[in-house]
Number of protein chains: 2
Amino acid sequence: MSESSRKILSDNNVSVTNPRILVLEALMESQNPQTIDDLQKKLENKVAKSTLYRVLGDLKKINVLHEFTSPDNITVVELLLHDTEHHHHLFCGDCGEIIDVSLSNEFEKLLSVEIKKIERKFNFQINDHRVEMFGTCTDQCSNCK
Amino acid sequence: MSESSRKILSDNNVSVTNPRILVLEALMESQNPQTIDDLQKKLENKVAKSTLYRVLGDLKKINVLHEFTSPDNITVVELLLHDTEHHHHLFCGDCGEIIDVSLSNEFEKLLSVEIKKIERKFNFQINDHRVEMFGTCTDQCSNCK
DNA sequence: ATAATAAATGAGACTTATTCTCATTTATTG
DNA sequence: CAATAAATGAGAATAAGTCTCATTTATTAT
């Protein structure tokens with residue numbers, strides 16, 4: 001675990017420091033997206049707040065981290081490693097849980113056709129996309145009772 | 001214009017006040033999503049900051065307003081009126097412009113099939129969705145030179 | 001291994017978006 | 001038109017995120 005966080009850093013030519021290793025390990029503890037608050041709790045003040053934000057910025061720069069905002073306006077962060085497959089997000093409006101979901105290849109193929117149309121129509125170069133789905137978990141979400 | 005903002009409010013059983021009318025009119029001035037800052041400029045201090053936020057909250061509650069966050073973490077807001085068709089968003093990473101886009105019926109149909117699958121798989125009830133596309137406008141965006 | 005140098009960190013001050021409070025004003029209704 | 005409940009304005013309070021700068025740590029060339 002510690003090994004692979006070191007590797008992520010050195011492979012991307014950023015220096016291997018303790019705070020960076022700790023943040024990566026905290027991020028690796030769960031596969032679904034997590035909030036800054038979640039991270040701070042896991043890190044137990046072993047990394048200064050300013051450093052945490054800086055490290056997250058560094059990880060974004062080397063494309064290892066994706067940051068976005070939940071519908072209730074909370075910043076959320078998730079690791080994007082080589083083996084992370086392309087995915088989308090499902091948001092629970094009751095408990096705030098965010099779940100990674102994959103959609104069928106057939107769908108993804110049609111979506112990329114649509115995206116090419118949009119690129120032409122608006123003279124854009126589109127390099128990423130995501131489908132966000134909003135709803136409520138009907139009974140078995142881990143946070144809702 | 002003033003007429004229809006009054007109608008939106010009374011149709012939704014919220015009292016018709018000046019700040020609410022002014023905010024609705026400012027929102028109606030552009031069809032693409034706009035920032036809180038854009039709104040404040042249009043309102044020229046005719047509505048207090050605290051009231052602006054409150055009114056936006058009221059409009060969200062009656063489902064007339066949709067609020068979301070741009071990739072550079074700026075809160076953005078757009079009117080959702082009866083005649084607003086279902087659409088998605090295209091973000092320019094250079095100038096921050098956000099453009100409403102529609103996708104083909106064929107695509108939307110396949111997407112709703114996918115969504116039904118996700119609902120079953122995760123025991124969710126999904127009531128909204130949006131496709132976000134990220135890129136850069138290659139030459140003719142109004143804000144980029 | 002070590003010293004020199006450049007980069008990263010910690011601590012806390014600072015900024016800025018949003019929310020809250022409470023005294024005053026406005027809209028609704030009967 | 002008066003009574004009452006709701007909405008507003010002004011500015012204080014909060015909280016997320018950024019910035020500064022003195023100190024520490026990692027890298028590298030010897």
Side-chain angles (χ1 to χ4, degrees), chain A residues 2-3 5-27 33-62 64-77 96, chain B residues 2-3 5-27 33-62 64-77 96:
Chain A
S2 171
E3 272 316 279
S5 20
R6 302 184 99 90
K7 189 166 181 340
I8 289 166
L9 296 169
S10 54
D11 283 357
N12 284 284
N13 300 312
V14 296
S15 52
V16 178
T17 66
N18 230 269
R20 287 176 178 161
I21 291 168
L22 289 170
V23 171
L24 276 172
E25 284 175 358
L27 284 165
Q34 46 192 321
T35 65
I36 307 287
D37 214 58
D38 292 339
L39 282 181
Q40 278 176 322
K41 270 176 201 135
K42 283 181 188 161
L43 292 168
E44 298 165 313
N45 301 320
K46 277 180 263 180
V47 173
K49 180 171 59 124
S50 50
T51 302
L52 172 56
Y53 281 103
R54 259 181 314 221
V55 168
L56 294 175
D58 298 336
L59 297 178
K60 278 192 276 180
K61 227 175 278 164
I62 61 174
V64 154
L65 188 78
H66 177 225
E67 180 184 298
F68 59 100
T69 308
S70 76
D72 34 318
N73 243 20
I74 292 167
T75 297
V76 154
V77 115
Chain B
S2 171
E3 272 316 277
S5 19
R6 301 184 100 90
K7 189 167 179 343
I8 290 166
L9 296 169
S10 54
D11 283 357
N12 284 283
N13 300 311
V14 295
S15 53
V16 178
T17 66
N18 230 268
R20 286 175 180 163
I21 291 167
L22 290 170
V23 171
L24 276 173
E25 284 176 357
L27 285 165
Q34 46 193 320
T35 65
I36 307 286
D37 216 56
D38 291 339
L39 282 180
Q40 278 176 322
K41 269 175 201 136
K42 284 180 188 160
L43 292 168
E44 298 165 312
N45 300 321
K46 278 180 263 181
V47 173
K49 183 172 54 128
S50 49
T51 303
L52 172 56
Y53 281 103
R54 260 182 311 220
V55 167
L56 294 176
D58 298 338
L59 298 178
K60 278 192 278 179
K61 227 175 276 163
I62 62 174
V64 154
L65 189 78
H66 177 224
E67 180 183 299
F68 59 99
T69 307
S70 76
D72 35 318
N73 242 22
I74 293 168
T75 297
V76 154
V77 114

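Computed from a predicted structure; not experimentally measured. Order of the sequence lines fixes the chain letters, A, B, ..., with proteins taken first and strands second; residue numbering starts at 1 for each chain. Only this structure's heavy atoms are used, side chains among them; waters, hydrogens and symmetry mates stay out.
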- Can you check the B:N73 CG to C:dA17 C1' distance for me, whole Å? 11 Å
- Query: So, is B:Y53 close to the C:dT19 phosphate, meaning a side-chain N or O under 4.0 Å from OP1 or OP2?
  - Reply: no
- Go through the structure and list residues passing side-chain contact (heavy atoms from CB on, under 4.5 Å) with A:T75, not counting sequence neighbours. A:I36, A:E67, B:N73
- May I have the distance from B:N13 (atom CG) to C:dT29 (atom C1'), rounded to whole angstrom? 14 Å
- Task: Would you mind building the protein contact string for nucleotides 3-9 of chain D? One character per nucleotide, 5' to 3', B for base within reach (heavy atoms under 4.0 Å), S for sugar-phosphate only, - for untouched.
- Result: ----SBB
- Message: How many whole angstroms separate atom CG of A:L9 from atom C1' of D:dT25?
- Response: 15 Å
- Task: Could you pull out all residues at least two apart from B:N13 that satisfy side chain to side chain donor-acceptor pair (under 3.5 Å)?
- Result: none
- Message: With each end axis built from five pairs of C1' atoms, what bend angle do you get for the helix from C:dA1-D:dT30 to C:dG30-D:dC1? Round to 10°.
- Response: 50°
- If you measure from CG on B:L43 to NZ on B:K46, what distance do you get to the nearest 0.5 Å? 7.5 Å
- Task: Send over the distance from B:D72 CG to C:dT16 C1', rounded to a whole Å.
- Result: 15 Å
- side-chain contact (heavy atoms from CB on, under 4.5 Å) partners of A:T35, counting only residues at least two apart: A:D37, A:D38, A:I74, A:V76
- Task: Measure the CG-CG distance between B:L24 and B:D58 for me, rounded to the nearest 0.5 Å.
- Result: 10.0 Å
- Check whether more than 12 heavy atoms from other residues, nucleotides or ligands sit under 6.0 Å from atom CG of A:N45, and answer yes or no. no
- Message: For A:L27, is there any backbone N or O sitting under 3.5 Å from a side-chain donor or acceptor partner on A:Q34?
- Response: yes
- Taking for B:D37 and for B:V16 the nucleotide of DNA chain C with the nearest heavy atom, the one nearer the 5' end belongs to B:D37
- Item | Sequence-distant partners of B:V14, side-chain contact (heavy atoms from CB on, under 4.5 Å), two or more places apart | B:L9, B:R20, B:I62
